[in-house]
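Take a look at the structure set out below.
If you're wondering where the values come from, they're calculated on a predicted model, not measured in any experiment.
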Amino acid sequence: MGSAEEANKPTSPYDSSSPSQPLLFKPPSTEEPNQPESDPTQYLQISYNYGPRPFKDLPFLILFVLFVLCTFGFGIFCVFHKNPNYSNLSSYKYDLNSTSCVKGSNFNGFYESRYDFYVLSSSGSGFLKSLIWTLVVTLILSVPICFLLLLLLKHYTKQIVYVSLPFFIVIPIFFNVYWFVACTVSSSCTDAFPLVYRILVFVFVFLIIGIIVWIFVANWHRIELTVKIIGVASDALSKNLGLFVVIPLLTLGLVAYYVPIVVFLVFVRLNGKIVPKESNGEYRCAWKQDSWVPAYYTLAILTMLWSLTVMVEAQVYVIGGTIAQWYFTGVDTKPRRSIRSSLRTTQGHAYRNAFGPSSGTVCLSGLLIGVVRFVRAVVDSARQEDIPGMVNFVLRCCVKALLSAVDFLNKFTINFAAITGEAYCTSARMTYELLKRNLLSAVFVETVSTRLLAGIAFILSSIYAIVVCAILKGASNIGFYSYVVAVLAWALLIIVLGSFVHVLDNVIETVYICYAIDRDRGEVYKPEVHEVYALLPSSRNHRAPMAPTASLV
């Protein structure tokens, strides 16, 4: 696709490379043959790497593969090494003569369990039927809802945002007043929840609503710019609709990958033996797991968590690579197979980027994200325990500062790696230098836009839940369970819309990095993007760019 790019490539004073040249190719200079490597001009040729990419961060890929192989290898061993007597534990009795557990005859457990299952399945059949149908319909409707939301955000961003803002206040007030009145009218709720506690919760919710109002007032000057950023990202996403196929397929692939691990976790507890256990002078038969079972639980859970973060980062990689190809393609040229290129590149045989040359980078990024989340959970747990002492306070502050730094570092790193194919550490350093040279900050982009999009998703899900509850109240006789079904439908829809918001957030971040590369090279691939992102506040902590840039607007 080199000829198409040359025809649509914008004019640049630094145009001396082609897709076939190295990523960071710098024209030889006769005046400064001994130019230091740290000179910022070495980054002037940063662009999307269409060529073959070498494998990066291989040790982390090997480590991840070892975790997966060990999990599946020992899991298969668990299945074939299980003790079939586990399900008959209740039929074993302690024999004084042999001082061991001996199997007796007991068939009551089987019939009792079958009877309990029959009673459980027969009771509440109306609730289960309503729940299943509601969730299925919600899942089907979530697809057109997402596409309709994307279309509205693309063409009517300002109207959607400003119409949604009052609902951020109205819907919480509605739910707060509704539960208070409903609980006051119901005699059972009044007896279980005294008036004093109801008033305290009622006032507390209104305090939270007041904080939301204060957040809106404090960030009101950013709303207009955020509206434009969301509009640009929605336009970019609407031109790469294939992401709505690839991202769910990757998620389904993760679920299918989890299924055998969950089966292994079920079978691993069957590895052990029945042994006599003494308690208060009496002996009974108990199940004793093999000593290696807890270690396998730890291994399998760590593998699942790491796989989850790897899949999340792989999705970010695919989104970043796809949007970057769209960005760096000419205005009148549509990128061909940009999503598939994010998943693979051809060099004699099929290479894969996200799951091939850059798979080690994705594994490292997922590992860092997992470690950060784990450490943050430990710190939050320690804070809830309220352990006194200045040393503990200082340690918590240092850890939180470190975690924030890692989050900041990782924010745009995987997007940059998707664009350039560089290793994780190189991408992190180059991203920092790129933003620093152009006085750009990574803080503003995600704050207001993410909250606005999350609020819109919450509003749509809440309105849908209210409609579902009203329909169930009028069309079924499940009573109180209609609220349960409505809450579950709300949860399912907000998960789907949350995934949509996550994709749109990654599009915003990728476009931001592409804009920074454009600005660094003095080029304008997407004028409509420059018109918006040029309005972002500059970072005052960074020195001025040493490379001249062209006019952006």
Side-chain angles (χ1 to χ4, degrees), residues 59-95 98-114 116-117 120-121 250-279 283-314 355 359 362-364 366-378 381 495:
F60 296 95
L61 173 61
I62 295 173
L63 182 61
F64 178 75
V65 171
L66 284 177
F67 265 73
V68 174
L69 291 179
C70 290
T71 301
F72 276 80
F74 285 106
I76 295 173
F77 172 79
C78 293
V79 173
F80 290 98
H81 189 260
K82 68 180 185 298
N83 190 338
N85 295 323
Y86 176 82
S87 58
N88 300 322
L89 177 62
S90 59
S91 64
Y92 278 80
K93 304 297 181 184
Y94 179 73
D95 185 21
S98 60
T99 65
S100 61
C101 291
V102 179
K103 185 177 181 180
S105 57
N106 186 5
F107 300 99
N108 294 331
F110 173 77
Y111 292 106
E112 288 175 1
S113 61
R114 287 290 300 271
D116 293 341
F117 176 77
L120 181 63
S121 60
L250 291 176
T251 304
L252 291 176
L254 178 65
V255 173
Y257 162 82
Y258 272 170
V259 169
I261 300 181
V262 173
V263 172
F264 297 152
L265 290 174
V266 171
F267 275 93
V268 71
R269 64 191 182 97
L270 305 182
N271 287 261
K273 54 186 177 180
I274 300 174
V275 297
K277 184 177 180 181
E278 189 269 337
S279 177
Y283 287 89
R284 61 183 181 87
C285 293
W287 179 260
K288 182 181 179 182
Q289 291 181 340
D290 291 337
S291 58
W292 55 269
V293 169
Y296 181 80
Y297 273 118
T298 303
L299 173 65
I301 292 173
L302 289 178
T303 302
M304 293 179 72
L305 293 177
W306 194 0
S307 301
L308 175 63
T309 56
V310 166
M311 182 55 65
V312 171
E313 294 302 294
F355 300 99
S359 55
V362 173
C363 291
L364 173 56
L367 178 62
L368 289 177
I369 292 297
V371 171
V372 168
R373 297 294 182 267
F374 175 76
V375 175
R376 180 165 290 165
V378 172
S381 177
I495 288 174

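For Phe374, the CZ atom counts as loosely surrounded, since its 6.0 Å shell holds 12 or fewer non-hydrogen atoms of other residues, nucleotides or ligands. For Tyr257, the OH atom counts as densely surrounded, since its 6.0 Å shell holds more than 12 non-hydrogen atoms of other residues, nucleotides or ligands. Atom CZ of Phe60 has 12 or fewer neighbouring heavy atoms from other residues, nucleotides or ligands inside a 6.0 Å radius.
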Inset, instruction - Take Tyr258 and Leu254 through the test side chain to side chain contact (heavy atoms under 4.5 Å, CB included) and record every step on the way to the result. - result: CA-CA 6 Å; Tyr258 272 170; Leu254 178 65; 4.0 Å; yes
Legend entry - Verdict with reasoning, Arg269 to Tyr297, per side chain to side chain contact (heavy atoms under 4.5 Å, CB included): CA-CA 9 Å; Arg269 64 191 182 97; Tyr297 273 118; 3.4 Å; yes
Legend entry - Phe72/Phe67 under side chain to side chain contact (heavy atoms under 4.5 Å, CB included): CA gap, chis, key distance, verdict: CA-CA 9 Å; Phe72 276 80; Phe67 265 73; over 6 Å; no
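Taking all atoms of both residues into account, the shortest heavy-atom contact from Thr71 to Leu299 is OG1-CG, 3.7 Å. The two residues Cys70 and Tyr296 come nearest to each other via the heavy atoms O-CE1, 4.4 Å. Between Leu61 and Ser359 the shortest heavy-atom distance is CD2-OG, 3.2 Å.
Going from atom OG1 of Thr251 over to atom CG of Leu308 covers 9.5 Å, rounded to the nearest 0.5 Å. Rounded to the nearest 0.5 Å, atoms CG (Asp290) and NZ (Lys273) are 7.5 Å apart. Distance check: Cys78 SG to Trp292 CH2 gives 3.5 Å after rounding to the nearest 0.5 Å.
With respect to Ile301, the side-chain contact (heavy atoms from CB on, under 4.5 Å) criterion is satisfied by exactly one of Thr303, Leu305, Thr298: Leu305.
Scored by the side-chain contact (heavy atoms from CB on, under 4.5 Å) test, Thr309 finds Trp306, Ile369 as partners (sequence neighbours excluded).
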